[in-house]
Number of protein chains: 4
Amino acid sequence: MEILGGPLYAVAGAGESHGPAVTTIVYGCPPGIYLRAAEIQRHLDRRRPGSNKHGTPRREDDTVVLLSGLYQQDHDRLSAGPALTVAAGDRLSQTTGYAEGYTTGEPVAAIVLSTAKKSADYQQFVGPMGEVRPGHTDLVKYYKSRGFVDPRGGGRSSYRSTISDVIGGAIARIVLREHFGTAILSSICQVGPLQASQTLAGRVQSMLQASNNQPIAAAAIHDLEVAMEAAEIYTLDDAFASAAGELIKRTRIDGDSIGAAVEVVALNVPPLAGDPLYQSLKVRIMGVLGGLHAVQGVEIGAGFAVVARRGSENNDPIRAAGYQANSHGGLIGGITTGMPLVFRVGFKPTSTIAKPQQSVRKNLEEIDFQLRKGRHDPCVGVRAGVTLESRVAIELLNAVLMHQAQAIDVENFRLFGG
Amino acid sequence: MEILGGPLYAVAGAGESHGPAVTTIVYGCPPGIYLRAAEIQRHLDRRRPGSNKHGTPRREDDTVVLLSGLYQQDHDRLSAGPALTVAAGDRLSQTTGYAEGYTTGEPVAAIVLSTAKKSADYQQFVGPMGEVRPGHTDLVKYYKSRGFVDPRGGGRSSYRSTISDVIGGAIARIVLREHFGTAILSSICQVGPLQASQTLAGRVQSMLQASNNQPIAAAAIHDLEVAMEAAEIYTLDDAFASAAGELIKRTRIDGDSIGAAVEVVALNVPPLAGDPLYQSLKVRIMGVLGGLHAVQGVEIGAGFAVVARRGSENNDPIRAAGYQANSHGGLIGGITTGMPLVFRVGFKPTSTIAKPQQSVRKNLEEIDFQLRKGRHDPCVGVRAGVTLESRVAIELLNAVLMHQAQAIDVENFRLFGG
Amino acid sequence: MEILGGPLYAVAGAGESHGPAVTTIVYGCPPGIYLRAAEIQRHLDRRRPGSNKHGTPRREDDTVVLLSGLYQQDHDRLSAGPALTVAAGDRLSQTTGYAEGYTTGEPVAAIVLSTAKKSADYQQFVGPMGEVRPGHTDLVKYYKSRGFVDPRGGGRSSYRSTISDVIGGAIARIVLREHFGTAILSSICQVGPLQASQTLAGRVQSMLQASNNQPIAAAAIHDLEVAMEAAEIYTLDDAFASAAGELIKRTRIDGDSIGAAVEVVALNVPPLAGDPLYQSLKVRIMGVLGGLHAVQGVEIGAGFAVVARRGSENNDPIRAAGYQANSHGGLIGGITTGMPLVFRVGFKPTSTIAKPQQSVRKNLEEIDFQLRKGRHDPCVGVRAGVTLESRVAIELLNAVLMHQAQAIDVENFRLFGG
Amino acid sequence: MEILGGPLYAVAGAGESHGPAVTTIVYGCPPGIYLRAAEIQRHLDRRRPGSNKHGTPRREDDTVVLLSGLYQQDHDRLSAGPALTVAAGDRLSQTTGYAEGYTTGEPVAAIVLSTAKKSADYQQFVGPMGEVRPGHTDLVKYYKSRGFVDPRGGGRSSYRSTISDVIGGAIARIVLREHFGTAILSSICQVGPLQASQTLAGRVQSMLQASNNQPIAAAAIHDLEVAMEAAEIYTLDDAFASAAGELIKRTRIDGDSIGAAVEVVALNVPPLAGDPLYQSLKVRIMGVLGGLHAVQGVEIGAGFAVVARRGSENNDPIRAAGYQANSHGGLIGGITTGMPLVFRVGFKPTSTIAKPQQSVRKNLEEIDFQLRKGRHDPCVGVRAGVTLESRVAIELLNAVLMHQAQAIDVENFRLFGG
């Protein structure tokens with residue numbers, strides 16, 4: 001099953017890159033949270049290709065339509081979402097999506113139509129004589145599906161599927177913010193060989209040291225977001241942003257692509273969330289970040305740097321106000337310590353490039369592969385941040401609910417006098 | 001999570017009775033099955049209120065729109081489904097649903113808009129002073145959601161949610177029919193005190209005895225369906241159908257409601273499907289049938305009648321051609337024997353009635369409850385058959401895939417020369 | 001996976017009827033519950049064949065050994081359980097099981113050795129020429145496993161597997177009792193054609209009416225248990241117990257077996273537990289009761305009797321103190337109402353009988369089957385009560401935790417000053 | 001739930017570091033696989049502390065006792081496992097574990113007694129005044145369990161829990177080897193700042209290039225294992241092994257600890273296994289490797305090195321015989337390509353060190369922490385290889401079964417003539 005998170009907070013997704021729509025169902029959002037479609041839309045707009053200066057020029061207009069799970073007494077505001085029409089022959093159905101309301105505790109469903117598909121671009125890949133794009137899923141999915149794959153794009157393996165991640169993540173963020181003031185940010189920290197000299201994890205650690213581990217104020221979080229939004233690419237380091245933007249531009253002109261690395265940091269994280277072992281929050285987050293399309297490496301806290309260390313330098317000292325360092329990255333034994341969750345994720349260069357490459361047809365006949373049409377991101381990492389953030393939010397909220405489940409409070413089980 | 005079936009074939013649902021739409025995602029349909037939206041629509045039309053002579057007069061027009069998971073080379077036929085439009089301010093997105101194609105193995109999503117809701121009908125139930133309909137979920141859901149429930153209807157507890165069951169079941173039926181010729185039928189066998197004298201299970205057992213357990217031909221199955229479709233209510237017994245139809249009519253006029261019982265029978269069932277114990281097919285099907293809204297009893301095979309029997313009369317004799325009787329109802333040890341799956345399900349009378357009743361407001365103040373508006377089925381059982389069939393289909397297909405998984409065939413794992 | 005309950009409170013089981021041991025792992029018991037192995041043992045002793053006057057004479061000595069998940073400072077009391085020795089050649093390992101302690105929140109594992117197996121009894125069933133016992137899983141499991149089944153007994157399909165149910169249920173009962181005073185009882189209500197005239201559900205309903213729905217005191221619950229324990233078979237109705245005991249005895253002498261029905265009633269049930277739809281508590285409990293070995297029917301509340309009723313007589317009136325009747329059986333919309341959970345379960349006569357029957361060998365050659373050796377219960381229903389109670393306890397606790405998870409309390413997420 | 005893998009092949013574990021035993025249940029092993037306890041024991045012996053020259057001197061004798069799921073006609077060989085005795089007062093139960101037999105398809109359970117615990121070592125950590133070991137789970141687990149944690153060790157967070165991983169992995173390897181000739185190896189590639197100059201992934205890639213992607217012969221695999229077994233630490237690079245062994249020794253003398261990195265490589269991997277997206281094999285393996293205790297980074301294929309690359313150098317060329325390079329590490333789109341699975345895992349230095357550190361008591365009072373007793377691995381990475389291999393095996397077999405499930409073959413559903 002295509003389920004992200006769970007068993008308590010879970011996001012079910014469907015919809016391939018060139019299908020009519022991406023469909024999302026979010027399970028387990030507690031009742032009583034005020035949701036606005038506009039806030040979900042804001043995150044989706046960050047995810048959208050073309051939303052940044054260096055993404056793919058392919059234009060998609062990803063309007064989210066919320067179809068269930070909200071309510072409020074003011075029906076006009078509740079139902080002020082997009083108008084939705086289904087016309088089947090002479091049968092016409094019409095309704096409007098939800099715009100804002102309180103969650104009822106029942107599942108929240110959403111669709112995002114796909115309208116930008118140009119099937120003509122994909123003739124090169126159709127059937128047993130179809131060509132295989134190196135680095136793509138074309139070949140394995142063709143054989144896995146016994147030839148029944150949709151050859152027009154990557155199907156579920158397409159980056160478009162992450163619309164569901166972002167919707168589910170947006171709702172999780174709202175719940176976490178409301179209860180704990182949690183915020184989840186990301187910052188690009190490497191593009192090709194260029195590395196940022198200022199990191200988000202470093203900046204946050206300084207803020208915590210200055211305040212002796214006090215929660216980080218909403219205003220300070222907002223400032224970080226504004227700074228990254230304003231940069232040439234989504235990062236804290238302005239100089240790096242300009243150089244990286246330039247490098248991406250040059251790479252695109254070369255008909256080539258380039259890798260990138262992204263930091264993800266969660267602030268004001270509730271401690272004590274996470275199961276101990278096989279389904280620990282570390283297992284879960286390392287999986288959803290490390291398993292995202294195009295990712296080839298993931299680190300927590302100090303990451304691979306710890307390999308070269310001794311224990312005496314690596315163990316984070318503990319004082320009454322909390323941990324004095326964050327080599328551990330916010331999880332010990334798979335349980336949140338209250339320190340920021342810190343991850344770093346490495347993306348390969350986008351597989352789709354204009355340069356010729358050795359490849360095969362689906363029938364394994366050897367060819368010199370040359371992409372005929374279609375334009376893609378030269379650097380998939382530059383818009384992946386919002387997806388990474390979303391996946392962390394989903395897993396963190398699920399872990400919070402798992403921990404809460406263990407603390408039975410009889411006050412929650414009252415109906416009549418009982 | 002609102003998941004029916006699984007872990008291999010699973011149906012995720014969302015959407016409350018008065019929300020914009022019911023959303024469904026079907027996971028685990030194997031690739032290469034030819035699906036037509038029209039065939040799914042045919043099952044949905046059986047489920048729809050107003051689709052029979054004795055259902056609620058409330059008119060819904062449940063057009064299914066398939067949003068993912070299909071493909072075929074003829075894009076015109078693939079994309080000949082309903083036109084789907086989203087208008088948000090000046091942003092307009094448009095696409096069409098899938099009409100027919102091969103499953104790709106990726107999830108199949110569908111939406112069905114809800115357009116018949118009249119919120120004005122529900123003022124009686126709103127807020128802490130809202131009245132509680134006896135037999136309804138109003139009270140428990142109000143407290144469970146800490147007051148954030150949608151009071152306009154039953155939310156997910158509404159019968160409308162079973163749209164997802166029917167969509168998921170329709171796809172499962174197609175897979176089962178294609179591989180095994182399986183068909184899943186139902187027949188109403190009791191309404192109030194009136195009992196059918198001809199049962200579906202009995203008819204099928206006669207057919208098997210006559211043919212010494214040969215598979216039942218598609219034409220014979222079709223004849224059964226035609227006969228039931230033609231009757232006053234969906235049942236094999238014509239005389240019973242007329243009497244029961246009359247009884248339902250009289251009950252409605254009385255402002256009251258009445259119970260019913262329904263048989264569900266699966267024919268040409270593949271043997272050896274089903275896990276042994278805690279997730280056995282018997283656990284699974286007894287649960288999804290016995291746990292459906294308004295159901296208060298469920299039996300397999302000879303059901304409660306076996307309590308009064310001795311083993312020497314109850315054990316089904318076995319000959320080389322198969323079991324000579326079907327007291328066991330098609331499952332032994334939770335595993336299919338190849339005999340028909342036979343279940344019988346008892347529904348309570350619809351809770352919503354026009355007669356006055358003792359009840360409370362949500363704040364527990366006592367009242368004499370009198371329904372103000374809204375019309376409902378006097379006999380919920382008469383259109384439940386398609387939902388019961390669907391749930392059996394979903395669980396059976398999942399069990400088939402579970403069994404298939406254990407038989408590793410290296411031929412399914414070839415890519416290059418390997 | 002052989003998992004009962006879950007995802008929050010779950011019982012994993014392993015071990016076939018003639019293997020070395022039955023192994024159980026209980027997941028999700030909250031920390032801080034004081035557990036005693038002796039209390040688990042008391043429930044296991046009720047389950048054990050030979051523990052009643054009418055069970056199988058085969059003697060098993062089911063000593064539970066707790067292997068994990070407990071702790072207390074007094075290590076002597078903690079580790080006062082049975083001595084456990086493993087001798088492998090010259091390597092000898094020794095430890096002791098836990099006797100009592102607080103749950104730590106980590107999984108509780110237990111083993112129960114199987115020592116009463118006599119393999120010689122089973123030569124009749126071995127290999128492709130092995131004979132098939134009508135009503136048993138012999139045939140389907142032989143083919144499902146491609147011949148690799150353990151022919152000595154029913155494997156996991158044996159009643160012995162329910163040791164895991166009882167262990168998991170015993171722990172769930174302790175948690176539910178500690179928080180809510182919940183108790184789960186059962187009473188045999190029919191054996192063959194003989195029906196009890198006093199039912200447990202009826203008795204409990206009288207108690208609630210007399211007290212206007214006050215919780216039932218522990219002493220009153222204890223009295224019910226004592227009365228049932230003292231009877232000839234486990235039931236509230238003494239006269240019925242004597243007659244039924246006599247009938248079972250006669251049936252055994254005839255070389256035959258007989259069916260039975262059992263009521264299961266949970267008292268002092270926390271309201272608001274249970275999910276709405278596909279995983280509702282009704283789906284879950286109807287499944288685990290209706291899917292148990294040998295069960296062919298299950299009812300909730302008034303059961304199939306509701307089919308013949310009108311809504312005006314079936315809807316339970318509601319007053320400020322609670323529901324005034326319990327036709328609904330404690331669940332509305334799959335959510336607990338605080339009324340007793342009431343189920344009735346119908347068991348077929350034990351399949352194994354001494355009388356000759358028509359059957360086949362595993363290769364499908366027809367035979368007149370005559371059991372050579374082995375003695376079994378003539379009436380499987382008479383000792384099934386504790387298993388039914390256990391399954392209800394497991395599902396109810398899981399539903400309680402699911403509901404609790406939705407009520408985030410930031411007090412449960414404090415570590416440092418935060 | 002503590003479940004590794006699943007839903008088809010899954011390993012359930014229980015047992016804390018200082019409890020009586022570690023309990024394991026393996027679900028979903030197909031029937032008909034010949035298992036020997038001795039082969040499982042061989043993997044466990046690699047895992048055991050003291051099994052190598054640089055592990056903890058604490059001596060454990062981890063004899064596996066198989067308790068279910070096997071059968072063969074020769075009962076003497078089947079039941080030739082360790083003698084198992086339970087003595088509870090005057091009740092004595094005795095049986096023997098399984099030594100070898102065919103899997104029946106039912107769950108395989110195993111226990112391993114824990115006998116080496118010395119509780120006296122742990123007084124320092126008990127109760128609210130108990131001291132917190134920096135880098136350990138002491139603090140979070142104390143608060144998470146509301147004080148009910150077992151303070152004697154890490155509970156489930158202890159490395160001892162991985163006994164279940166190794167048992168489940170051993171069985172998965174046997175299934176994979178039998179069907180596909182798959183082998184899963186690991187090699188230590190870094191200790192502190194010392195890096196191996198020969199890598200396992202590199203060696204394997206050379207072998208594939210030399211043979212144009214032919215499967216690697218069992219003899220060649222055996223040679224690799226023998227070479228690594230013989231080295232000072234488990235690695236292909238002899239010179240590195242000696243230097244690293246020396247470094248570990250010096251670190252131990254310093255009362256300190258040191259990090260390490262380990263490669264894991266699966267050979268002769270069946271292609272086409274793995275789901276596409278949220279539960280892709282990449283998500284799953286990155287999670288179980290990256291989420292293991294003490295791990296802070298995980299890479300697939302070329303790992304973080306791809307960040308600095310261009311697409312034209314990173315895309316692996318494809319020829320008729322297969323991929324000509326393995327930057328992708330054996331998974332594209334989360335699906336196996338048939339190329340070796342290649343992972344690299346970075347471990348932090350063991351948290352437990354003899355040097356003094358800043359810490360707190362559980363009540364958050366600040367202390368200078370000095371470990372009183374207990375000896376531990378100075379370099380946890382050096383014996384982690386077998387656990388990493390096991391986790392890959394479990395997930396890979398589960399993915400194989402998931403893929404097989406989609407290919408329905410009616411031949412697997414035959415019983416009578418049908």
- line: Distance col, row A/Ile25:CD1 vs B/Thr23:OG1, nearest 0.5 angstrom, shows 5.5 Å
field: Best-contacting candidate, A/Gly81, A/Gly13, A/Gly6, against chain B by heavy atom pairs under 4.5 angstrom
entry: A/Gly13
Region of A/Thr103 in contact with chain B, defined by heavy-atom distances below 4.5 Å: backbone
- request: Using atom types as modelled and distance alone, determine if a side-chain donor or acceptor of A/Arg146 lies under 3.5 Å from a backbone N or O of B/Pro31.
  value: yes
- request: Pick whichever of A/Gly105, A/Gly15, A/Gly32 has the most heavy-atom pairs under 4.5 Å with chain B.
  value: A/Gly32
field: Options A/Gly97, A/Gly101, A/Pro151, ranked by heavy-atom pairs under 4.5 Å with chain B, top entry
entry: A/Pro151
Euclidean distance, B/Phe416 CZ relative to A/Tyr143 OH, rounded to 0.5 Å: 8.5 Å
task: Sort A/Val149 into side chain, backbone, both or neither according to what part of it lies under 4.5 angstrom from a heavy atom of chain B.
output: backbone
query: Of the listed residues (A/Ala110, A/Gly28, A/Gly155), which shares the most heavy-atom pairs with chain B below a 4.5 Å separation?
result: A/Gly155
- line: Rounding to 0.5 Å, atoms CG (B/Leu67) and CD1 (A/Ile111) come to a distance of 6.0 Å
Heavy-atom check, side chain of A/Thr115 versus side chain of B/Gln94, under 4.5 Å: no
statement: Okay, A/Tyr27 and chain B: the region with an atom under 4.5 Å from a heavy atom over there is side chain
Proximity breakdown for A/Ile3 and chain B, heavy-atom pairs closer than 4.5 Å: side chain
- prompt: Between B/Glu16 (side chain) and A/Gly69 (backbone), is there a donor-acceptor pair under 3.5 Å?
  reply: yes
- prompt: Between A/Glu2, A/Gln72, A/Lys141, which residue shows the highest count of heavy-atom pairs closer than 4.5 Å to chain B?
  reply: A/Glu2
- prompt: Under a 4.5 Å cut-off applied to non-hydrogen side-chain atoms, are B/His75 and A/His18 in contact?
  reply: no
message: Can you tell me how far apart CD (B/Glu106) and CZ (A/Phe148) are? Round to the nearest 0.5 Å.
response: 14.5 Å
- prompt: What residue, out of A/Gly127, A/Ala12, A/Ala109, has the most heavy-atom pairs lying under 4.5 Å from chain B?
  reply: A/Ala12
statement: Value for CG (B/Leu92) from CG (A/Leu113), rounded to nearest 0.5 Å, stands at 9.5 Å
field: Reported CG-to-CG distance for the pair B/Asp150 and A/Leu78, which is rounded to 0.5 angstrom
entry: 7.5 Å
- request: Can you tell which part of A/Val22 gets under 4.5 Å to a heavy atom of chain B, answering side chain, backbone, both or neither?
  value: neither
